[in-house]
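Below: the structure, in C-alpha cells.
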Amino acid sequence: MHYWLMKSEPDAFSIDDLARKGVEPWDGVRNYQARNFLRDAMRTGDGVLFYHSSCETPGVAGIAEVAGAARPDPTQFDRRSAHYDPDSPREAPRWWLVDVRFVRKLAHPVTLETLRRDRRLGDFALTRRGNRLSVLPVSAAQWRLILDHAQEHA
DNA sequence: GCCAACGTTGGC
DNA sequence: GCCAACGTTGGC
C-alpha cells in the first residue's frame with residue numbers, strides 16, 4: 001500500500017467534480033517522473049490526497065484512491081486533444097494514466113500553508129523548493145499527519 | 001554534449 | 001498578472 005498526492009486545478013476539475021463522477025481517468029500527465037509513478041508504482045487501492053492547485057487557497061481538499069492498473073492515456077493519440085502527442089508510438093505509448101475513485105471530501109481542507117508549517121512532515125516532495133510535480137509520493141507517516149490536520153478542525 | 005531559448009507550473 | 005523554478009527543445 002502506497003500513498004500519493006495528485007494535483008488538480010479546481011477550476012478545471014475539483015474534488016466536487018470527482019464526488020459527482022465517482023471515478024475519473026487521470027489523463028493529461030506529461031511529465032516523465034510523474035508518468036513513472038503512475039505507470040510503475042501505483043497499485044489499485046493506493047491512497048490519494050486530492051490537492052487543489054493554482055487557486056485561492058491551495059491545499060489537500062479530499063481523499064481518493066487508485067481504482068485500477070495503469071493504462072495508456074488515450075488523449076495522447078487524439079488529434080483534437082490538448083494533450084495530443086504526435087510523437088508517441090501506438091505500439092509503445094509514452095503517456096499513461098490511472099483511474100481515480102472518490103473516497104471523501106475533507107470538511108476543512110489542509111492548506112499548503114499548514115503543510116509548510118508542519119516540520120514533522122520532514123522531506124516532502126510537495127514543499128520542496130521549485131517542485132512542480134503533479135503526481136508525487138507521500139509516506140505513510142505524512143499521510144497520517146496530514147489527515148490528523150483535517151481532523152483537528154472537525 | 002552543451003546551453004540558450006522557450007513553454008509550463010503554480011504560489012503569491 | 002508577475003515571476004521563479006524547472007523541463008524540454010533544438011542549434012551547434
Side-chain angles (χ1 to χ4, degrees), chain A residues 2-21 24-42 46-66 70-100 102-139 141-143 145-150 152-153:
Chain A
H2 289 101
Y3 300 95
W4 308 95
L5 182 146
M6 299 171 83
K7 297 178 184 175
S8 184
E9 300 187 14
D11 287 348
F13 191 80
S14 71
I15 188 70
D16 292 321
D17 293 321
L18 185 62
R20 267 190 295 275
K21 302 196 92 174
E24 179 75 1
W26 206 265
D27 60 19
V29 173
R30 296 293 181 268
N31 168 283
Y32 287 103
Q33 207 180 336
R35 186 280 310 269
N36 292 345
F37 289 137
L38 292 169
R39 187 190 60 183
D40 306 332
M42 285 195 180
D46 279 359
V48 173
L49 299 172
F50 193 108
Y51 180 91
H52 282 172
S53 67
S54 293
C55 57
E56 194 174 341
T57 309
V60 176
I63 308 298
E65 66 182 12
V66 176
R71 55 191 175 87
D73 180 346
T75 65
Q76 71 196 301
F77 303 122
D78 180 357
R79 234 171 255 284
R80 293 155 310 174
S81 168
H83 301 117
Y84 177 57
D85 182 352
D87 298 324
S88 178
R90 287 232 174 225
E91 64 281 9
R94 182 177 290 176
W95 306 115
W96 293 65
L97 61 74
V98 297
D99 295 289
V100 169
F102 177 78
V103 174
R104 65 190 164 93
K105 181 179 176 177
L106 299 183
H108 299 277
V110 182
T111 66
L112 176 60
E113 189 191 358
T114 297
L115 297 174
R116 282 197 198 286
R117 210 155 35 199
D118 187 352
R119 307 296 301 280
R120 297 171 303 169
L121 290 170
D123 183 33
F124 189 19
L126 180 75
T127 50
R128 265 179 226 150
R129 182 171 153 281
N131 159 70
R132 296 186 323 181
L133 270 182
S134 65
V135 176
L136 52 93
V138 175
S139 73
Q142 289 164 343
W143 173 272
L145 286 166
I146 292 166
L147 293 191
D148 283 350
H149 279 294
E152 279 167 21
H153 298 278

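Sequence lines set the chain letters: A, B, ... in the order given, protein chains first and strands last, and positions in each chain run from 1.
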> Base, sugar-phosphate, or nothing: which does L133(A) touch, judged by heavy atoms less than 4.0 Å apart?
Replying inline: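 Sugar-phosphate only.
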Under-4.0 Å side-chain N/O to phosphate OP1/OP2 contact, [X] with [N]:
X	N	result
R132(A)	dG7(C)	no
Y51(A)	dG11(B)	yes
K7(A)	dT9(B)	no

> Are the aromatic rings of W4(A) and F50(A) close, with centres under 6.0 Å apart?
Replying inline: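 Not under 6.0 Å, so no.
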From [atom1] of [X] over to [atom2] of [N], roughly how many Å is that when rounded to an integer?
X	N	atom1	atom2	result
E113(A)	dG11(B)	CD	P	13 Å
R30(A)	dT8(C)	CZ	P	13 Å
H52(A)	dG10(B)	NE2	C1'	15 Å
M6(A)	dT9(B)	CE	C1'	17 Å
D85(A)	dG7(B)	CG	P	17 Å
H83(A)	dG7(B)	NE2	P	17 Å
R129(A)	dT9(B)	CZ	C1'	15 Å
N31(A)	dT8(C)	CG	P	6 Å

> Picking from dG10(B), dC12(B), dC6(C), which would you name as closest to the side chain of R116(A)?
Replying inline: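 Side chain of R116(A) sits closest to dC12(B).
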>> Side chain of S54(A), heavy atoms from C-beta onward: which of dG10(B), dC12(B), dG7(C) has the nearest atom to it?
In response: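 Nearest nucleotide to the side chain: dG10(B).
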>> Return the NZ to OH distance between K7(A) and Y51(A), rounded to the nearest 0.5 Å.
In response: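 Those atoms lie 6.0 Å apart.
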> Can you name the closest pair of heavy atoms from D73(A) and L97(A) and give their distance?
Replying inline: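 Taking D73(A) first and L97(A) second, the nearest heavy atoms are CA-CD2, 3.7 Å.
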>> Between the side chains of R30(A) and D85(A), is the shortest nitrogen-to-carboxylate-oxygen separation below 4.0 Å, so that they form an ion pair?
In response: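 Salt bridge absent between D85(A) and R30(A).
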>> Test of understanding: with salt bridge (Lys or Arg N to Asp or Glu O under 4.0 Å), list the residues that count as partners of R79(A), not counting sequence neighbours.
In response: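 R79(A) satisfies salt bridge (Lys or Arg N to Asp or Glu O under 4.0 Å) with no residue once adjacent residues are dropped.
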